[in-house]
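Here's the structure, in structure tokens; my notes come after.
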Amino acid sequence: RVDRRQRQMCIRDRGHLPILLGSLSRWVGETRIDDGVLRIRTTSPIARQELNLRLNTLRQQLNSHLQAELIRIIQVY
């Protein structure tokens, strides 16, 4: 279970997400983190498909940036 401090760290460092996504970030409409699940809403089906192909890599990069295993699952919709 993610405690309050870890949740705040995740939310604060969510600003790193556009850097990792590169040009795909322009199609990200909303992001949310709940209990280790990062939910990414996209405005493009093509961006959604590309992100789904990169889920494991993206999760590893985010956790590496956070220096903790805070994100267990990434859902793209």
Side-chain angles (χ1 to χ4, degrees):
R1 183 125 175 118
V2 176
D3 68 21
R4 184 175 179 199
R5 185 181 141 290
Q6 290 172 325
R7 181 174 163 75
Q8 287 173 339
M9 184 169 48
C10 270
I11 291 169
R12 185 189 71 231
D13 287 333
R14 214 175 358 184
H16 190 66
L17 188 60
I19 295 167
L20 293 176
L21 296 179
S23 63
L24 289 175
S25 66
R26 75 177 122 189
W27 289 291
V28 171
E30 174 188 355
T31 60
R32 257 187 348 195
I33 300 171
D34 296 306
D35 293 326
V37 179
L38 172 61
R39 291 177 176 86
I40 302 172
R41 176 176 289 177
T42 63
T43 57
S44 162
I46 295 169
R48 186 176 313 122
Q49 181 179 12
E50 179 65 29
L51 286 172
N52 276 310
L53 293 173
R54 297 172 44 186
L55 288 180
N56 287 332
T57 303
L58 183 59
R59 183 181 53 77
Q60 290 170 352
Q61 290 173 330
L62 284 168
N63 283 330
S64 176
H65 176 74
L66 294 168
Q67 297 179 348
E69 292 293 318
L70 299 180
I71 298 172
R72 296 178 292 107
I73 299 169
I74 299 176
Q75 296 176 340
V76 181
Y77 59 100

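Atoms considered below: every heavy atom in the structure, side chains included; atoms not considered: hydrogens, waters and symmetry mates. This one's a predicted model, so the numbers in the text were calculated from it and none came from an experiment.
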Original post:
How long is the gap from CD1 on I73 to CG on D34, to the nearest 0.5 Å?
Top reply: 11.5 Å
Original post:
Roughly how far, to the nearest 0.5 Å, is the CG atom of L70 from the CZ atom of R59?
Top reply: 12.0 Å
Answer yes or no: is there a side-chain heavy-atom contact under 4.5 Å between [X] and [Y]?
| X | Y | result |
| --- | --- | --- |
| Q49 | N52 | no |
| L58 | L17 | yes |
| R41 | R48 | no |

Original post:
Do side-chain atoms of T31 reach the backbone of I40 as a donor and acceptor pair under 3.5 angstrom?
Top reply: no
Original post:
Is R72 reaching over with its side chain to a backbone N or O of D35, donor-acceptor style, under 3.5 angstrom?
Top reply: yes
Original post:
Minimum heavy-atom separation for E50 to L24, with atom names?
Top reply: CG-CD1, 3.4 Å
Subject >> Closest non-hydrogen atom pair, P18 against S25 >> reply: CA-CB, 3.8 Å
**OP:** State plainly whether one hydrophobic cluster holds both L20 and L51, where clusters connect Ile, Leu, Val, Met, Phe, Trp and Tyr through side-chain heavy atoms under 4.5 angstrom apart.
**Re:** yes
Original post:
Residues in salt bridge (charged side-chain N to carboxylate O under 4.0 Å, His left out) with R26, at least two apart?
Top reply: none
**OP:** Give a yes or no on this: more than 12 heavy atoms of other residues, nucleotides or ligands lie within 6.0 Å of atom CD of Q75.
**Re:** yes
**OP:** Step through the shown structure and confirm whether more than 12 heavy atoms of other residues, nucleotides or ligands are within 6.0 Å of CD on E30.
**Re:** yes
Original post:
Yes or no on side chain to side chain contact (heavy atoms under 4.5 Å, CB included) for I19 and H65, after CA distance, side-chain angles and deciding distance?
Top reply: CA-CA 11 Å; I19 295 167; H65 176 74; over 6 Å; no
